[in-house]
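Positions are given from 1 along the sequence.
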Amino acid sequence: MPLLWTLIVILAIAAIGYWLGRSRAMQSAGHSTRALHSLPGYYGWNVAIWAMAPAFLLILVWLVIQPAYVNHIALQALGDAAQNSGSASLLLADVHRMADQLAAGSAISAEGPTAAAAQLSFAANTAGRMWMSIAAIALALAGTAYAWSRTNAQYRARPRVEAAVRALLIASASIAILTTVGIVVALIFNTIAFFQAYPALDFFFGLTWSPSAGGVNSRLGILPLLWGTLYISFIALLVAVPLGLFSAIYLSEYASPRIRAIGKPMLEVLAGIPSIVYGLFALIVVGPLLMSWFSPTGMLGLGWMRGGTAVITAGVVMGIMIIPFVSSLSDDIINAVPQSLRDGSLGLGATRSETIRQVVLPAALPGIAGAILLAASRAIGETMIVVMGAGAAGVLSLNPFDAMTTVTAKIVSQLTGDADFSSPEALVAFSLGMTLFVITLGLNVLAMAIVRKYREQYE
């Protein structure tokens, strides 16, 4: 039975259990809610939770264990072909691809250990899903029967349901935390593997980025990529900070309620546009527009720009993308400044502009600085705009009209293609990711520290 149908059956059992639990509680109380310890709905939810929770937990554990077991069976079937650790992952990928073909009803033409391992994997997956469905449905029925048998008028259903909801909330928070921990652990182990194959000093202080396909004479210095990342982010902030801050000041201090109700949502729409759309905008609009001005044949005839992909192209478009991050956060922070400060400044004879410059902005400055740092971390982690607007050249240059690249773009390029996953050319992506993670984490921590340390409390 497919997993979707298994979940539907379990939810149906839980729905029936809800009705049964509620009905049994009412019957035991003589159809009078005054004799019940809890409201009737709590009794129904208690039975439904006993139907869903054990079954869903079993499915979750099964889905984690089964792939590892299937891979173990496949490796045993491959035999000597899987002894080479460098090719084991590639062989398993072929096995999974063939097993997917069998699952789709297509025959496989290959023969040998790989085909045999694929057939064993397909059979193990099919049997595992069947037994998982049977066990989960049986467990749901058993949980429903157990909870229903314990339901009576004096049963303390509400505390148990609330405890289950609390456990669900804790599990949700734990998943978010454990996901972050898992990401960090995966980056750390693969980064260690990279530095075992490539010198750390050459990586952190190398001035050349030139990976080779065969792994011969690869030069994997991060400084050109880091320079491109910071350069593009700096130009993006030059665009986003003035426009975003001025927009926030206008919306919070000058705009009428009607204009604010229209303008702020329209400005925040920019945050919902996919980054690939911004990349296309940089490729087909901003790049040619800048070329028409700064190319050798452009209107100014300066000859600064040789192609549409350049640092300034990606920086301008990325700045437009992060305007909502600066404007929305700054607007909220400016609005948090008490009106009494404005009234006091105006009462002393200051104009509105003087009040904004000398009272409102200094009071909101720590929060605005935090908003700018958060926007900077968003710009540093951007990928698609850089890939389509800045080019792919890992060079050190001060000319904003040159093509450059960033850390995120090279992470994508190094993990695509047919490179050996255990080679330094592929593992360097994890080192780049770890470096980027540390930088963005530092910016976020600094932003939160600034906001917390200098936040002024008003009454």
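A 4.5 Å side-chain heavy-atom check between Leu3 and Leu63 finds at least one atom pair inside the cut-off. Using a 4.5 Å heavy-atom cutoff, the side chains of Met321 and Ile273 are not in contact. Side chains of Ile276 and Met388 form a contact here, defined as non-hydrogen atoms less than 4.5 Å apart. The shortest side-chain heavy-atom distance between Val311 and Phe401 does not fall under the 4.5 Å cut-off. Within the 4.5 Å cutoff, the side chain of Arg342 has no heavy atoms near those of the Arg352 side chain.
Of the possible donor and acceptor atoms, one in the side chain of Trp227 sits under 3.5 Å from a partner among the backbone N and O of Ser397. One N or O on the side chain of Thr440 and one on the backbone of Phe437 form a donor-acceptor pair closer than 3.5 Å. For Glu354 (side chain) and Thr351 (main-chain N/O), a donor-acceptor pair under 3.5 Å exists by modelled atom type. In this structure, the side chain of Ser330 does not engage the main chain of Ser327 through any donor-acceptor pair within 3.5 Å. Remark: side-chain polar atoms of Tyr231 are paired, donor with acceptor, to backbone N or O of Leu398 under 3.5 angstrom. Under a 3.5 Å cut-off, the side chain of Ser413 and the backbone N or O of Lys410 do form a donor-acceptor pair.
Applying the side chain to side chain donor-acceptor pair (under 3.5 Å) test to every pair with at least one member in residues 365-380, sequence neighbours left out, gives these pairs: Ser377-Asn444, Arg378-Glu382.
Separation of atoms CG (Leu289) and CD1 (Ile284) is listed at 12.5 Å; rounding is to 0.5 Å. Atom-to-atom distance recorded for Phe234:CZ and Ile380:CD1 is 13.0 Å, nearest 0.5 angstrom. Atoms OG1 and CZ, from Thr6 and Phe56 in turn, are 10.0 Å apart once rounded to the nearest 0.5 Å. Taken to the nearest 0.5 Å, the CD1 atom of Ile323 stands 13.0 Å off from the CE atom of Met318. Expressed to the nearest 0.5 Å, how far CD1 of Ile312 lies from CG of Asp402 amounts to 11.5 Å. Once rounded to the nearest 0.5 Å, the distance linking OG1 of Thr406 with CG of Leu436 reads 8.5 Å.
Annotation for Thr309 and Ala403: closest pair O-CB, 3.5 Å, computed over non-hydrogen atoms. Taking both residues in full, the closest heavy atoms of Ala314 and Val386 are given as CB-CA, 4.5 Å, listed atom of the first, atom of the second, then distance.
Heavy atoms from other residues, nucleotides or ligands lying under 6.0 Å from CZ of Phe246 number 12 at most.
For Ala429, the side chain to side chain contact (heavy atoms under 4.5 Å, CB included) criterion is met by Ile411, Gln414, Leu415, not counting sequence neighbours. The salt bridge (charged side-chain N to carboxylate O under 4.0 Å, His left out) test applied to Arg260 returns Asp331, not counting sequence neighbours.
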Donor-acceptor pairs under 3.5 angstrom involving side-chain atoms of residues 169-185: please list them, not counting sequence neighbours.
{"from": "Ser172", "atom 1": "OG", "to": "Leu168", "atom 2": "O", "distance (Å)": "2.9"}
{"from": "Ser174", "atom 1": "OG", "to": "Ile170", "atom 2": "O", "distance (Å)": "2.7"}
{"from": "Thr179", "atom 1": "OG1", "to": "Ile175", "atom 2": "O", "distance (Å)": "2.6"}
{"from": "Thr180", "atom 1": "OG1", "to": "Ala176", "atom 2": "O", "distance (Å)": "3.2"}

Pair up each side-chain donor or acceptor in residues 368-376 with any protein partner under 3.5 Å, not counting sequence neighbours, and list the distances.
none

Only pairs under 3.5 Å count here: list side-chain donor-acceptor contacts from residues 191-208, not counting sequence neighbours, and write none if there are none.
{"from": "Thr191", "atom 1": "OG1", "to": "Leu187", "atom 2": "O", "distance (Å)": "2.5"}
{"from": "Thr191", "atom 1": "OG1", "to": "Phe430", "atom 2": "O", "distance (Å)": "3.4"}
{"from": "Tyr198", "atom 1": "OH", "to": "Leu220", "atom 2": "N", "distance (Å)": "2.9"}

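Side-chain polar atoms of Ser345 and Thr355 form a donor-acceptor pair below 3.5 angstrom.
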